[in-house]
Amino acid sequence: MAGVILRGDLHRKPELSADGERNDKTVITAITIGRGCVISTGCILHPPSRISKDQMAFFPIRIYDNVFIGPDTHISAGTIGANCHIGAGSVLSPFSIIKENCKLLPGTVVSHSMIIPPGCIVGGKPARILGEVGDGWGHGGGGEGEEWVEGGDLKRLVKAIK
């Protein structure tokens, strides 16, 4: 995670009550990253925020297990589901939700509050659904003499988009 910028408070503490005491002693995590996640260099994770009572409040970002985030990606999304691949140079606007098993092509711009359903291939500026990810994508054999492409048969789809 060298060269990654995490902005916002990683742990939010409850506000003080009128008498100066904290009502709740729990600490709320603003950025949660699951197991097996890869965050490439130059990425920015910036939780969505708002100003409330003259104070900046950050909403949580939740990144589930086995997520790959490509280089130079800006993430302000609320949730990124498990087993997602986010291409290089993508922008995930505030409060967007990426469900599990999705593939975002490089340079994709996901608009504010957009919800991407499970198992979709998404690309473009602004983002639109281009297709579905097949069962077992990314599990190609890669045997001798076989050209292996991450995401299974995405090579033809990507060439069709260009």
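This structure is a prediction, so every number in the text was calculated from the model and none was measured. Just so it is clear, the values below take in all heavy atoms, side chains as well, and ignore hydrogens, waters and symmetry mates.
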Heavy-atom pair of closest approach, residues Gly123 and Thr108: CA-OG1, 3.4 Å
Would you please name every residue forming a side chain to side chain contact (heavy atoms under 4.5 Å, CB included) with Pro118, sequence neighbours left out? Lys99, Glu100
Please report the shortest heavy-atom distance between Ser90 and Gly87, naming the atom on each side. OG-O, 3.0 Å
Taking C-beta and beyond as the side chain, do Ile86 and Ile80 meet within less than 4.5 Å on heavy atoms? yes
Do Leu92 and Ile97 sit in one hydrophobic cluster, given that two such residues count as connected whenever their side-chain heavy atoms are within less than 4.5 Å of each other, even indirectly? no
Would you say that Ile44 contacts Ile75 through its side chain, given a criterion of any heavy-atom pair below 4.5 Å between the two side chains? no
Would a 4.5 Å heavy-atom cut-off, applied to side chains only, mark Leu45 and Ile39 as touching? yes
Heavy-atom check, side chain of Ile98 versus side chain of Ile115, under 4.5 Å: no
Asp72/Thr41 under side chain to side chain contact (heavy atoms under 4.5 Å, CB included): CA gap, chis, key distance, verdict: CA-CA 7 Å; Asp72 302 318; Thr41 57; 5.8 Å; no
Heavy atoms only: give me the nearest Asn101-Val133 pair and the separation to one decimal. O-CG2, 3.7 Å
Taking the side chain as every heavy atom from C-beta outward, state whether Ser113 and Phe95 have any pair of such atoms under 4.5 Å apart. yes
In sequence, state the C-alpha distance, the side-chain angles, and the governing distance for Leu105 and Ile121, and then conclude on side chain to side chain contact (heavy atoms under 4.5 Å, CB included). CA-CA 7 Å; Leu105 299 177; Ile121 299 171; 4.3 Å; yes
Contacts of Pro117 meeting side chain to side chain contact (heavy atoms under 4.5 Å, CB included) (sequence neighbours excluded), chain-then-number -> Cys120, Ile129
Donor-acceptor contacts under 3.5 Å from residues 63-71 side chains, at least two apart:
| residue | atom | partner | partner atom | Å |
| --- | --- | --- | --- | --- |
| Asp65 | OD1 | Arg35 | N | 2.8 |
| Asn66 | ND2 | Asn83 | OD1 | 3.4 |

Val110 side chain near Ser93 side chain, heavy-atom distance below 4.5 Å: no
In short, Val109 meets Lys125 closest at the heavy-atom pair CG2-CG, 3.7 Å
Contacts of Pro94 meeting side chain to side chain contact (heavy atoms under 4.5 Å, CB included) (sequence neighbours excluded), chain-then-number -> Pro48, Ser76, His112
Distance col, row Ile31:CD1 vs Arg62:CZ, nearest 0.5 angstrom, shows 12.5 Å
